[in-house]
Amino acid sequence: MSSNIPKMKCLITDDEPLARFHLKELANQINFLSVEDTCATALEAGTIVKEKEIDLLFLDINMPYLTGLEFLEQLENPPLCILTTAYSEYALEGYRLQVVDYLLKPIAFNRFYQAVNKAQQQFIVSEKMKKNSAFDDPYLYVRQSDSFVKVSWVDILYIESMQNYTKLHFKDRSLVIHQTMKAIEESLPSEHFFRIHKSFLINITHIDMISGGRLFINKTELPISRSRKEELLNQVVYKKLISK
């Protein structure tokens, strides 16, 4: 791995002490992982994710109070996640939430290594995009079947999450691409794009109106989550407010 790419900060969340110990032992063998903490419940994990800026979450599904899937679903901007469980029936639900991988217990090292390498590849891409501040060129390419379509991010109105896909909305068309919302968000300039909801990323230059918990772009009504509304007003609206 390039020395310019930092280690991935990991959090292990599992209500079984032996499972936490085993995952930590596996992670300690990987030079690009740094285990920042371990915890027994999703409630604890919520606090740690915010405080330590976790890059990769190892998350058990069956836990008391709040399951791993319930926890992951309510995160506005979740870190990369590898689900760990003894039950295979949750696999489809996990991929709906755009997890990196799904590991069945007992977890063998070769399977663990395969999963964290997938996570590292996604992490490297996002880190490089964060460092790339050359947004003077507004053009991007998106794959459509066997073709590559050139688009301008300036013309994107908003982006909609569709499980493992995202839909780019323009004034006169839309494009569905096989990419996670998190990866798309990190590839676009943060000064122009704002996440108003776990399912919607908007281009702030195209906002027509904000009213209550709703936002309008090109006559389309989009929801604003309560946790994001105040930040949207502070970062976007109040800075350009000319009437009180």
_Could you report the tightest heavy-atom contact between T41 and P64, atom names first, then the distance?_
CG2-CG, 4.4 Å

*Mind checking what makes side chain to side chain contact (heavy atoms under 4.5 Å, CB included) contact with S227, not counting sequence neighbours?*
E76, S225

*Go through the structure and list residues passing side chain to side chain contact (heavy atoms under 4.5 Å, CB included) with K219, not counting sequence neighbours.*
none

*Counting heavy atoms not belonging to R226, are there more than 12 under 6.0 Å from its CZ?*
no

*Contacts of type side-chain hydrogen bond (donor to acceptor under 3.5 Å, both in side chains), residue R20, not counting sequence neighbours*: none

_Quick check for you: to the nearest 0.5 Å, what is the distance between M181 atom CE and I159 atom CD1?_
6.5 Å

*Output yes when a side-chain donor or acceptor of Q144 lies under 3.5 Å from a complementary backbone atom of V176, and no otherwise.*
yes

*Excluding sequence neighbours, so at least two apart, what forms side-chain hydrogen bond (donor to acceptor under 3.5 Å, both in side chains) with Q122?*
none

*asked:* Measuring from atom CG of L23 to atom OG1 of T38, what distance do you get when rounded to the nearest 0.5 angstrom?
replied: 10.0 Å

*Determine, stepwise, if the pair L11 / T13 fulfils side-chain contact (heavy atoms from CB on, under 4.5 Å).*
CA-CA 6 Å; L11 171 64; T13 305; 3.7 Å; yes

*Can you name the nearest heavy-atom pair linking F123 to P6, along with the distance?*
CE2-O, 3.2 Å

*For E160, all residues meeting salt bridge (Lys or Arg N to Asp or Glu O under 4.0 Å), sequence neighbours excluded*: none

*Classify the angle between the aromatic ring planes of F193 and W153 as parallel (below 30°), tilted (30 to 60°) or perpendicular (above 60°).*
perpendicular

*Is it true that atom CZ of F109 has more than 12 heavy atoms of other residues, nucleotides or ligands lying nearer than 6.0 Å?*
yes

*Could I get the full list of side-chain hydrogen bond (donor to acceptor under 3.5 Å, both in side chains) partners for Q121, not counting sequence neighbours?*
none

*asked:* Please find the pair of heavy atoms, one from I54 and one from P79, that lie closest to each other, and give the distance.
replied: O-CB, 3.2 Å

*H22: what forms a ring pair (Phe, Tyr, Trp, His ring centres under 6.0 Å) with it, not counting sequence neighbours?*
none

*asked:* Please check this pair: side chain of T67 against backbone of E70, looking for a donor-acceptor N/O pair closer than 3.5 Å.
replied: yes

*Within 45° of the six-membered ring axis of F194 and under 6.0 Å from that ring's centre, is NZ or CZ of R228 located there?*
yes

_Carboxylate-amine/guanidinium proximity below 4.0 Å for R111 and D101_ = yes

_Side chain to side chain, K171 and D155, heavy atoms closer than 4.5 Å_ = no

*Residues L188, L201; criterion side-chain contact (heavy atoms from CB on, under 4.5 Å); working and verdict*: CA-CA 10 Å; L188 293 168; L201 176 69; 4.1 Å; yes

*To the nearest 0.5 angstrom, please state how far the OG atom of S199 sits from the OH atom of Y158.*
12.0 Å

_Distance check, rounded to the nearest 0.5 Å: I82 atom CD1 versus L57 atom CG?_
9.5 Å

*Only counting residues at least two apart or in another chain, list the ones meeting side-chain hydrogen bond (donor to acceptor under 3.5 Å, both in side chains) with K9.*
none

*L175 to V142 - nearest heavy-atom pair and separation*: CD1-CG2, 3.9 Å

*Any ring pair (Phe, Tyr, Trp, His ring centres under 6.0 Å) pairs touching residues 38-70, not counting sequence neighbours?*
F58-F112

*asked:* I'd like to check T85 versus L83 (side-chain heavy atoms, cut-off strictly below 4.5 Å). Are they in contact?
replied: no

*Taking everything shown except D172 itself, do over 12 heavy atoms lie less than 6.0 Å from its CG?*
yes

*Cluster companions of M209 among Ile, Leu, Val, Met, Phe, Trp, Tyr (side-chain spacing under 4.5 Å)*: F216

*Using a distance-only test with no angle check, is there a side-chain donor-acceptor pair under 3.5 angstrom linking T205 and N203?*
yes

*Counting only heavy atoms not in K105, do more than 12 fall under 6.0 Å of its NZ?*
yes

*Grab the two heavy atoms, one from K198 and one from R195, that are nearest each other, plus how far apart they are.*
O-NH2, 3.0 Å

_Suppose we screen for salt bridge (Lys or Arg N to Asp or Glu O under 4.0 Å). Which residues come up paired with E25, at least two apart in sequence or across chains?_
none

*So N234 and L232, side-chain contact (heavy atoms from CB on, under 4.5 Å) or not? Walk me through it.*
CA-CA 6 Å; N234 286 330; L232 174 68; over 6 Å; no

*Verdict with supporting geometry, F32 and N117, side-chain contact (heavy atoms from CB on, under 4.5 Å)*: CA-CA 9 Å; F32 56 80; N117 269 288; 4.2 Å; yes

*Sequence neighbours excluded - salt bridge (charged side-chain N to carboxylate O under 4.0 Å, His left out) pairs with any residue from residues 26-54*: D37-K52

